[in-house]
Every structure is written in C-alpha cells, then in structure tokens.
Amino acid sequence: MTITRFAPSPTGWLHIGNLRAALFNYAIARQNGGQFVLRIDDTDAERSKEEYVEGVKEDLTWLGIKWDRIERQSQRMDRYELAKERLIEMGRLYECFETPTELDLKRKKQLNMGKPPVYDRAALSLTDAEKDALRAERGSHWRFKLDHERIEWTDGIIGDISIDASSVSDPVLFKNGGQILYTLASVVDDIEMGITDVVRGSDHVTNTATQIQIMQALGGTPPRFAHHSLLTGPQGEALSKRLGTLALRDLRKSGIAPEAILSLMARLGSSDPVELRANIDEVIAGFDISKFGSAPTKFDAADLGPLTARHLATLSHEDVAETISAAGVPAELAEPFWKVVRDNINTLDDVAGWWVLFRDGATPLVDDEDREFISQAFYLLDNPPYTSETWGNWTNLVKTETGRKGRGLFMPLRKAVTGLERGPEMADVMPLLQVKPTLD
C-alpha cells in the first residue's frame, strides 16, 4: 500500500510553501488508494505550541486535505531512544563535544584552505577520560557516522542523484541537552509507519542522502523520494522573508478560495498550465508529479485573486446562501442578487458591499458637465420597485427628453446609479434597487 506523510513542525502557521509538500503527498496517496499520515513534528517542546497544531488541522481541513491518521512525534520519544541505543551499539553514533563557536572556527579554517566545511571527526580520537571531562564541562551532542561512499537514488522529480558521503558532515542527531533532531525522528517514523513515498523541498536533498544511510543502518527500506522546487517571489527573489504574509490562515481571512490555492499549487512549477478545478478531487485527478521540474518556481500571490473570482462565478446561489443571508439580502432576492454580483466580485467579502449599494443607494459618480443631465434623468425615473424593463424604458425616455444617445447616455447614468464605471448589466441591477437614486 502507498503511504505518504506530511510532517509540519507546530512552531508557526502553515504557509503557502508548506502546502506544496502536503498537497503533493496527499495527491500521491489518494491516486494510489493509499493512506495519508499527518505527522506532527513536535519534538522541540520549547518552540512547539498547541495552537499551531490546531492551526495545521484547520488549514488542511479548509483545503479539503483529509488525513487517515495523525501521529505526534512527542509521543514517540521512546522509539527514538531505542534507535539511539542501537546505533551506539553498532558504532554508528558517536558523542561530540565541540561548542558552536569551535565548530564555526573549524568551518572557516577549512573554507580558507579551499576545503569543504566537513566535520573532521575529531571526537572519535578522544580518550574516555577526555570525554568524561568535556561532558562534565560543556555537555555533548551525538553524530551519525556516515560510510564514506556514494549515496544514490532516482528522484521522482530531479532524476538520478549521486552524493559522495565524504563531502557531507556527519549529521547531528541529538543536540546538547538531549533533544532529538528531525533527521533521526523522521527516519524512525518512516520505517515504523511504512512510509513508501516522500515528497519534500529540494533543500532536503543532502538531508535525504544522510537519512538513506541511517535508514539502512536501522534495517529499513528507503521510500521513494521526490524533491520539488523551492518557491521564489514573482521577480525570482527569496520568498522566505515573505512567508509570514503568506500564511494559509491569512489567505483564508482575505477571502481567497481554497479551490484557487489548490488549483494553482497543483500545477505551479510543472509543464502543465494552471487550470481552475472545482474541488480537491478534481485537483488530484489532474495531478502528475512527473510533470514537475527542479528549477526554482516563481509564485505571485496576486494570481490567487483572479482564480478566486473565476471560482466564485461558477457557484450557484445555494452554494453561497449563508453569505448572502448574512449580508441581509431578503430570501426572495437571493437568487437574482447572486446572478448579478457573482461576476463582479473578487472574494465573498465583496457580497455585503453590493447589497449595501442596492439597499441604500450609491454615492453618485457624476462629472460636472453631466450634473444637469443626471438631475433631469433622475426626475424622469419613477420610485421603486423596478423591473427588468425599467432600464430600457427609462433610458428611452431620457433619450427622447434630452437628445442624448450612445455612450453619452448610458455611461453617465450607470455611474450615477451605481457609483461605478463598470459592473453588471443595468437591466439586471434596477430590479434590485431598494431606493430611488438621488444626487444628494
């Protein structure tokens, strides 16, 4: 069975970058009739917060991404300790004592000498007495001893990858103080949860190489890996500094439709064009990971607005009945109201403003040279209620009385009635007006 996972850290709100991994893994699981695991990486007790865990659940639920089971890494600490003991017994995990400052100096020296900044394994030459003294003085951390050989796999997006393990530092698996790091926790979980496929960002490629060796050391079979491209801003700039403004919860609050986000993210960076999908099932049906490339992918949040507007235009008034009712639209006007405004809104938040316009009247937009004309035209308009015939009858009367015609007739009237230069057909607008337009 295909089993995938999404493993967010609850140290902040999910953002658009996180979503790619969640969506890709979810799509692969559903396409293959498999399982999708939501695995909360909350081993960092100091930074992890329960409100962020709930935020992850809310965001995924809003998008329609449903997990088959949820796991908490904080509840699996005993499994990681067992793995630690096994690796120590095998001679693959060793204790180190350098401080961050000392490690930084070593890296700088190596770089100055033109060498790769790889940990020199100095801790392996320490005597037991030296280890005891250093441990008492400064504590310690633990590194996995890599076999210095080539680590190779066929990536689902990048293709064949080969990394020389001697060019990579032995990864730290346990920090000073005992905190386990993602590198080992993820390996243990992937083995024990039977994860078959992992899709994540291309910044994890080197990490994947070391995890493959750790997994093999623990007797596990590495899953199929695929590393998607990283997102940049619309001009190719780093997106990392802007991710705080691209939290899914903030996009939701701004009125962006989940269908817009899913449709964009399921195609962005692939060879297929972005196509608006009505729901997540349609998104998954059209998803093909083999179509994605490894080059950095430009993301522009402004693209979500038009997609949201296009999505809203496809909805029936029943789909948005709660929103229309909450705006105060009478039930008997709900359907004609929605037909008029759905092609003229960017988000559902715009619905309320349209009803205020129809209920209370607009602030007329009148050019100075049209003021006398509009005054006469309003005088010729009866009081509501209006019908679909009102606009045609009224404009014909105004044309006869004033001699105006064409754009010089219709545009000033539209602007005066709605306060807008463009919008829905005026014949459809008039029956919704609850008050007679005035210049006051």
Side-chain angles (χ1 to χ4, degrees), residues 254-257 302 305-306 308-440:
S254 70
I256 296 298
T308 294
R310 284 172 52 197
H311 169 70
L312 294 176
T314 69
L315 301 181
S316 69
H317 81 279
E318 289 90 351
D319 294 327
V320 293
E322 288 187 13
T323 299
I324 293 175
S325 176
V329 181
E332 66 274 14
L333 293 179
E335 185 169 3
F337 170 81
W338 178 243
K339 287 182 178 179
V340 166
V341 304
R342 66 182 176 185
D343 290 319
N344 295 276
I345 59 174
N346 293 316
T347 74
L348 283 178
D349 292 342
D350 297 337
V351 167
W354 275 102
W355 178 243
V356 169
L357 186 155
F358 296 146
R359 184 193 65 199
D360 301 338
T363 299
L365 185 60
V366 181
D367 295 333
D368 290 340
E369 62 269 24
D370 291 326
R371 183 162 290 277
E372 184 176 341
F373 163 70
I374 294 299
S375 177
Q376 185 178 0
F378 281 175
Y379 175 78
L380 294 171
L381 179 64
D382 293 332
N383 290 318
Y386 303 125
T387 70
S388 58
E389 306 296 323
T390 299
W391 176 252
N393 294 336
W394 180 39
T395 53
N396 283 332
L397 178 59
V398 173
K399 178 181 178 181
T400 300
E401 293 293 326
T402 67
R404 287 221 187 186
K405 58 183 178 180
R407 184 176 177 84
L409 168 68
F410 298 112
M411 180 56 74
L413 290 179
R414 169 186 286 280
K415 290 163 59 177
V417 173
T418 67
L420 303 168
E421 293 187 352
R422 60 182 59 87
E425 292 293 329
M426 292 302 294
D428 297 327
V429 167
M430 297 303 289
L432 295 170
L433 292 182
Q434 305 298 294
V435 295
K436 179 179 177 178
T438 69
L439 278 173
D440 298 335

Exercise. Mind jotting down which residue pairs meet the ring-ring contact (aromatic ring centres under 6.0 Å, His included) criterion with at least one end in residues 393-428? Sequence neighbours excluded, please.
Key: W391-W394
Exercise. Flag the pair M430 / N393 as yes when at least one side-chain heavy-atom distance between them is below 4.5 Å, and no otherwise.
Key: no
Exercise. I would like to know whether D370 and R404 meet salt bridge (Lys or Arg N to Asp or Glu O under 4.0 Å); could you show each step before the answer?
Key: CA-CA 11 Å; D370 291 326; R404 287 221 187 186; 2.9 Å; yes
Self-check item: Separation of T323 OG1 from H317 NE2 (nearest 0.5 Å)
Solution: 13.0 Å
Practice problem: Give, for atom CG of D382 and atom CG of L397, the distance between the pair rounded to the nearest 0.5 Å. | Solution: 9.0 Å
Quiz item: Can you check whether F373 reaches L409 side chain to side chain, under 4.5 Å on heavy atoms?
Solution: yes
Practice problem: Flag the pair R342 / W354 as yes when at least one side-chain heavy-atom distance between them is below 4.5 Å, and no otherwise. | Solution: no
Quiz prompt | E425 atom CD: more than 12 heavy-atom contacts under 6.0 Å | solution = no
Quiz item: With a cut-off of 6.0 Å (strictly less than), are more than 12 heavy atoms of other residues, nucleotides or ligands near CD of E322?
Solution: no
Self-check item: Distance (rounded to the nearest 0.5 Å) between M411 CE and L365 CG
Solution: 10.0 Å
Exercise. Please tell me if the side chains of K415 and I374 come closer than 4.5 Å, counting only heavy atoms from C-beta onward.
Key: no
Practice problem: With rounding to the nearest 0.5 Å, note down the distance linking CZ in R359 to CG in L357. | Solution: 10.5 Å
Self-check item: Rounded distance [0.5 Å steps], CG in L312 versus OG1 in T314
Solution: 7.5 Å
Quiz item: Does V329 reach the side chain of W338, with side-chain heavy atoms less than 4.5 Å apart?
Solution: no
Exercise. Apply salt bridge (Lys or Arg N to Asp or Glu O under 4.0 Å) to K339 and list each qualifying residue two or more places apart in sequence or on a separate chain.
Key: E335
Self-check item: side-chain hydrogen bond (donor to acceptor under 3.5 Å, both in side chains) between S316 and E318, worked out
Solution: CA-CA 5 Å; S316 69; E318 289 90 351; 3.1 Å; yes
Practice problem: Kindly determine whether K436 and L381 satisfy side chain to side chain contact (heavy atoms under 4.5 Å, CB included), including the steps that lead there. | Solution: CA-CA 8 Å; K436 179 179 177 178; L381 179 64; 4.2 Å; yes
Quiz item: Could you walk me through whether Y386 and V429 pass the side chain to side chain contact (heavy atoms under 4.5 Å, CB included) check?
Solution: CA-CA 9 Å; Y386 303 125; V429 167; over 6 Å; no
Quiz item: Any idea which heavy atoms bring P336 and L432 closest together, and the distance?
Solution: O-CD1, 4.2 Å
Self-check item: Close side-chain approach of P424 to V340, heavy-atom, < 4.5 Å
Solution: yes
